[in-house]
Trainee: 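Here it is, the structure, as structure tokens.
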Amino acid sequence: MRLYDTLTAQKRDFAPLGDEVKMYVCGITPYSPSHVGHAMSYVYFDVLRRWLEAKGWKVRHVQNFTDIDDKIIDRAQREGLTARELADRYIAEYFEDMDALNVQRAHVYPRATESIGLMIEIIVRLIERGHAYVSQGDVYFRVLSAKGYGKLSHRTLEGMMAGARVEPDPGKEHPMDFALWKAAKPGEPWWDSPWGKGRPGWHIECSAMSIHYLGETLDIHGGGQDLIFPHHENEIAQSEAYTGKEPFVRWWVHNGLLRLGLDKMSKSLGNLITIKEALARFSPDALRLFFLSSHYRSPLTWSEEGVASAERALERLRSALRDGPGPANAPSFDASSFASRFAQSMDDDLNTPQALASLFDLAREINRAREGGANVAGAQGVLRHLAGILGLTLQEPVKADLTARPFIELLIEVRGELRKMRQYALADRIRSRLMDMGIALEDTPQGTRWRPLE
RNA sequence: GGCAACGUAGCCAAGAGGCCUAAGGCGGAGGUCUGCAAAACCUCUAUUCGCCGGUUCGAAUCCGGCCGUCGCCUCCA
């Protein structure tokens, strides 16, 4: 499989260094509900993992929670909670959202606050080696000591300074130096350290947790494109300075960002749709299909119409599985060419839009073959399997209230009798009234079928 | 200001030198089936890939310029 690496800016044939794929994905800061931009990112990484697994690799997937930072502290104080309580709440919500979206759980979900000891160890070593220095209870990473600082984000220190938005900080040797450890301010949560009471900076946690759970060299490190600078750039600097090993990460994988209107959807801008809001209106499959119909590295603009059109498209896929496979002794058709097209697309840097195209072609072929009297059991199995790699369940929506079921069936029965008696006006009225209530009827040679509309 | 990315049908979105007289989805038009519908299936829906030049036997794909959009440079998936 060819996979794009942000560091080298090229697609390269992917293979893990060891016998399992070590994959670290940057998780959320749990201080508010997750939004559909997060959903998109984690769906992409979920598909990447599923595809690697489908190809026979064992994947060890670690994803952190940044459960201590300025925003968590602020928010917790405003709500009269501890930072821990606030984080717990949004972590629980995050899991609900991801489970609903059929995102596989990572193997480990380390939390920053549970890895403070590790971070301190790393910081101590960085200071010993001259890569970091203490300044009034804070500890900063010495950016000039890292060779190739800027290599991930493809910029130079001079270039960054040119932005002129970096304000020199009297405590820092260089304006781009970043905090590894921050001295505690009154009222903030703190941990003891060789430099006094304080808490970790943002970037150090990911180095500590990824090295601890996966080792000094990762195969894949992922996150949104907005993490490239400074977060991942700094992670490389400190990790490589600490371990002395290069590269820290063999494939940096970054997804394009979700936009709302013309802007990036983000918590700080406040222009967001939460995952719960989206799931109240659309099926998890539709959201996944909407995301996956665009390549993971491209930006995507959130659009209700877009998700709605994915919802309708999904119907085509579902309908290919809805009807039985046809006569058992009838000739069946070979769906393997669709599977190999799918694989080819996925192998090319996870080209899900192209992979989806082969799924839609397969669905059409199944419907056509079945109409032609062929047995499509095998092909349906292929479709189900490939869709599963994309995390699509293709399950029928089950919104209809179970208590309404016998009444719907009774109406269908009565309507059937009316049709036999050619009382079409009445029969059509039943159908259209049910439609108004969100129940669609379809007359087939095998009888009348009903399904709830989304 | 610096560094990137992108601009393909009504909409979304693949394709990155000849297989492109450009996938797939949504929408639209016509048809098959049906009592009529729905669903499904069939046909059609970009002679053209922001604009202008250039390279090449050949460019949506490479190069240059221009216009437009967006991202990062500050917390962010």
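Reminder, nothing fancy here: chain letters follow the sequence lines and each chain counts from 1. Atoms considered below: every heavy atom in the structure, side chains included; atoms not considered: hydrogens, waters and symmetry mates.
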Trainee: Provide the distance between the two C1' atoms, one in B:C12 and one in B:A46, to the nearest whole Å.
Mentor: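 15 Å, rounded to whole Å.
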Trainee: What donor-acceptor contacts under 3.5 angstrom involve side-chain atoms of residues 31-39 of chain A, with partners at least two apart or in another chain?
Mentor:
| unit_1 | atom_1 | unit_2 | atom_2 | d |
| --- | --- | --- | --- | --- |
| A:Ser32 | OG | A:Lys267 | NZ | 3.3 |
| A:His35 | ND1 | A:Gly37 | N | 2.9 |
| A:His38 | ND1 | A:His35 | N | 3.0 |

Trainee: Does anything in residues 30-38 of chain A reach RNA chain B, meaning a heavy atom under 4.0 Å, and if so which residues?
Mentor: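 Only A:His35, A:Gly37, A:His38 qualify.
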Trainee: Under the side-chain hydrogen bond (donor to acceptor under 3.5 Å, both in side chains) rule, collect the residues that match up with A:Asp97, sequence neighbours excluded.
Mentor: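 Only A:Lys276 meet the side-chain hydrogen bond (donor to acceptor under 3.5 Å, both in side chains) criterion with A:Asp97.
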Trainee: Looking at residues at least two apart in the chain, or sitting in another chain, which of them share a side-chain hydrogen bond (donor to acceptor under 3.5 Å, both in side chains) with A:Ser303?
Mentor: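 With neighbours one apart ignored, the set is empty.
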Trainee: Taking any heavy-atom pair under 4.0 Å as a contact, classify A:Gln225: base, sugar-phosphate, or nothing.
Mentor: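 The residue A:Gln225 makes no contact with any strand.
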Trainee: Listed by chain and number, what are the ring pair (Phe, Tyr, Trp, His ring centres under 6.0 Å) partners of A:His174, not counting sequence neighbours?
Mentor: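 Ring pair (Phe, Tyr, Trp, His ring centres under 6.0 Å) check on A:His174 returns nothing, list empty.
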Trainee: At 4.0 Å (heavy atoms only), tell me whether A:Gly27 reaches a base, stays on the sugar-phosphate, or touches nothing.
Mentor: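 Sugar-phosphate contact only - A:Gly27 comes under 4.0 Å of backbone atoms but never of a base.
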Trainee: Using the test ring pair (Phe, Tyr, Trp, His ring centres under 6.0 Å), find all partners of A:Tyr42 that sit at least two apart in sequence or belong to another chain.
Mentor: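 A:Tyr94.
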Trainee: What nucleotide among B:C75, B:A77, B:C42 has an atom nearest to a side-chain atom of A:Asp226?
Mentor: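 From the listed options, B:A77 comes nearest.
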Trainee: Round to the nearest Å and state the distance from A:Asp361 atom CG to B:C41 atom P.
Mentor: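 In whole Å, B:C41 P lies 11 Å from A:Asp361 CG.
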Trainee: Would you mind reading off the distance between A:Glu365 atom CD and B:G24 atom C1', rounded to a whole angstrom?
Mentor: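 Those two atoms, CD and C1', are 15 Å apart.
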Trainee: Using the side-chain heavy atoms of A:Ile28, tell me which of these nucleotides is nearest: B:A77, B:A39, B:G24.
Mentor: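 Closest nucleotide to the A:Ile28 side chain: B:A77.
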Trainee: Does A:Asp70 pair with A:Arg199 as a salt bridge, N-O distance under 4.0 Å?
Mentor: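 The answer is yes: the pair qualifies as a salt bridge.
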Trainee: Quote, to the nearest angstrom, the C1' distance that separates B:C33 from B:C26.
Mentor: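 The same atom, C1', in both gives a distance of 24 Å.
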Trainee: What distance, rounded to whole Å, do you find between the two P atoms, one in B:G10 and one in B:C67?
Mentor: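 Going atom to atom, P in each nucleotide, I get 26 Å.
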Trainee: Under the rule for ring pair (Phe, Tyr, Trp, His ring centres under 6.0 Å), what residues qualify as partners of A:Tyr109, not counting sequence neighbours?
Mentor: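 With neighbours one apart ignored, the set is A:Phe65, A:Phe95.
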Trainee: Counting the atoms with a prime plus P, OP1 and OP2 as sugar-phosphate, which does A:Leu359 contact under 4.0 Å by heavy atoms, base, sugar-phosphate, or nothing?
Mentor: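 It contacts nothing in the nucleic acid.
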Trainee: For a quick test of reading the model: is some side-chain N or O of A:Arg368 closer than 4.0 Å to OP1 or OP2 of B:C42?
Mentor: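 The answer is yes; a side-chain N or O of A:Arg368 sits under 4.0 Å from OP1 or OP2.
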Trainee: Which dot-bracket string fits RNA chain B when only Watson-Crick or G-U wobble pairs with both atom distances under 3.5 Å count, crossing pairs get [ ], and | stands for a partner on a different strand?
Mentor: (((.((((.[[[..)..(.....]]]((((((.......))))))....[[[[[..)....]]]]]))).)))....
Trainee: Using a 4.0 Å heavy-atom cut-off, does A:Met435 contact any base of the nucleic acid, only the sugar-phosphate backbone, or nothing at all?
Mentor: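 Nothing, no nucleic acid heavy atom in range.
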Trainee: Would you call A:Glu114 and A:Arg84 a salt bridge, taking side-chain N to carboxylate O under 4.0 Å as the test?
Mentor: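 Here A:Glu114 pairs with A:Arg84 in a salt bridge, since their nearest N and O are under 4.0 Å apart.
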Trainee: Using the C1' atom as the point on both nucleotides, what is the distance between B:G28 and B:A9, in whole Å?
Mentor: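 These two C1' atoms come out 12 Å apart once rounded.
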Trainee: Within this structure, what is the CE-to-C1' distance between A:Met176 and B:C73, rounded to whole angstrom?
Mentor: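 Atom-to-atom, A:Met176 to B:C73, this comes out as 7 Å.
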Trainee: When rounded to the nearest Å, what value does the distance between C1' atoms of B:G50 and B:U8 take?
Mentor: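 That atom pair is separated by 10 Å.
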Trainee: What is the distance, to the nearest angstrom, from the CZ atom on A:Arg288 to the C1' atom on B:G25?
Mentor: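 Atom CZ in A:Arg288 sits about 18 Å away from atom C1' in B:G25.
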Trainee: If we take the C1' atom in both B:U21 and B:U48, what is their distance in whole Å?
Mentor: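 Roughly 10 Å separates the two C1' atoms.
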Trainee: Are the side chain of A:Asn271 and the backbone N or O of A:Lys264 linked by a donor-acceptor pair below 3.5 Å?
Mentor: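 Yes: the side chain of A:Asn271 pairs with the backbone of A:Lys264.
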Trainee: How many whole angstroms separate atom CG of A:Leu362 from atom C1' of B:G25?
Mentor: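 Atom-to-atom, A:Leu362 to B:G25, this comes out as 15 Å.
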Trainee: Remember a base hit wins even if backbone is also touched, and classify A:Phe45 as base, sugar-phosphate or nothing at under 4.0 Å, heavy atoms.
Mentor: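 If one applies the 4.0 Å heavy-atom cut-off, A:Phe45 turns out to touch nothing in the nucleic acid.
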Trainee: Are the side chains of A:Leu227 and A:His221 in contact, using a 4.5 Å heavy-atom criterion?
Mentor: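 Of all side-chain heavy-atom pairs linking A:Leu227 with A:His221, none is under 4.5 Å.
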Trainee: Do you know the tightest heavy-atom contact between A:Ala112 and A:Asp67?
Mentor: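 Reported closest heavy-atom pair: N-OD1, 3.3 Å.
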Trainee: Walk along nucleotides 26-36 of chain B from 5' to 3' and tag each nucleotide B, S or - by protein heavy-atom contact under 4.0 Å, base first, then sugar-phosphate.
Mentor: SS-------BB
Trainee: Let me know the distance between CG of A:Leu386 and P of B:G24, rounded to the nearest Å.
Mentor: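 In whole Å, B:G24 P lies 17 Å from A:Leu386 CG.
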Trainee: For nucleotides 3-21 of chain B, read 5' to 3', which letter fits each nucleotide if B means a protein heavy atom sits under 4.0 Å from the base, S means only the sugar-phosphate is that close, and - means neither?
Mentor: S---------SSS------
Trainee: State plainly whether the residues A:Arg364 and A:Asp361 are in salt-bridge range, i.e. N to O under 4.0 Å.
Mentor: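 Looking at A:Asp361 together with A:Arg364, the answer is yes, because their closest N to O distance falls below 4.0 Å.
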Trainee: Describe the nucleic acid contact of A:Leu257 in one word from base, sugar-phosphate, nothing, applying a heavy-atom distance below 4.0 Å.
Mentor: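 Here A:Leu257 touches the bases of the nucleic acid.
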Trainee: Give the rounded distance in Å between these two atoms: CH2 of A:Trp252 and C1' of B:C72.
Mentor: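 Roughly 16 Å, once rounded to whole Å.
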Trainee: Could you grab the distance from atom CE of A:Met1 to atom CG of A:Leu350, nearest 0.5 Å is fine?
Mentor: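 Those atoms lie 4.5 Å apart.
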Trainee: Figure out the CD/C1' separation between A:Glu442 and B:C41, and round it to whole Å.
Mentor: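 Checked: the CD to C1' distance equals 14 Å.
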Trainee: Between A:Arg431 and A:Asp428, does any side-chain N to carboxylate O distance fall below 4.0 Å?
Mentor: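 Between A:Asp428 and A:Arg431 there is a salt bridge, with a charged N closer than 4.0 Å to a carboxylate O.
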Trainee: Can you tell me how far P in B:C11 sits from the matching atom in B:U32, rounded to whole Å?
Mentor: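 Per the computed distance, 31 Å lies between those P atoms.
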Trainee: For A:Phe291, enumerate each residue passing the ring pair (Phe, Tyr, Trp, His ring centres under 6.0 Å) test, keeping only those at least two apart in sequence or located in another chain.
Mentor: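 Counting only residues at least two positions away or on another chain, A:Phe291 forms no ring pair (Phe, Tyr, Trp, His ring centres under 6.0 Å).
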Trainee: Say we look at B:C73 and B:A5: how far apart would their C1' atoms be, to the nearest angstrom?
Mentor: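 These two C1' atoms come out 15 Å apart once rounded.
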Trainee: Filter on ring pair (Phe, Tyr, Trp, His ring centres under 6.0 Å), then keep only pairs touching residues 345-375 of chain A, sequence neighbours left out; what's left?
Mentor: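 Counting only pairs at least two positions apart or across chains, no ring pair (Phe, Tyr, Trp, His ring centres under 6.0 Å) contact touches residues 345-375 of chain A.
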Trainee: Heavy-atom nearest nucleotide on RNA chain B for A:Arg364 versus A:Gly222: which residue maps closer to 5'?
Mentor: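 Nearest-nucleotide comparison on RNA chain B picks A:Arg364.
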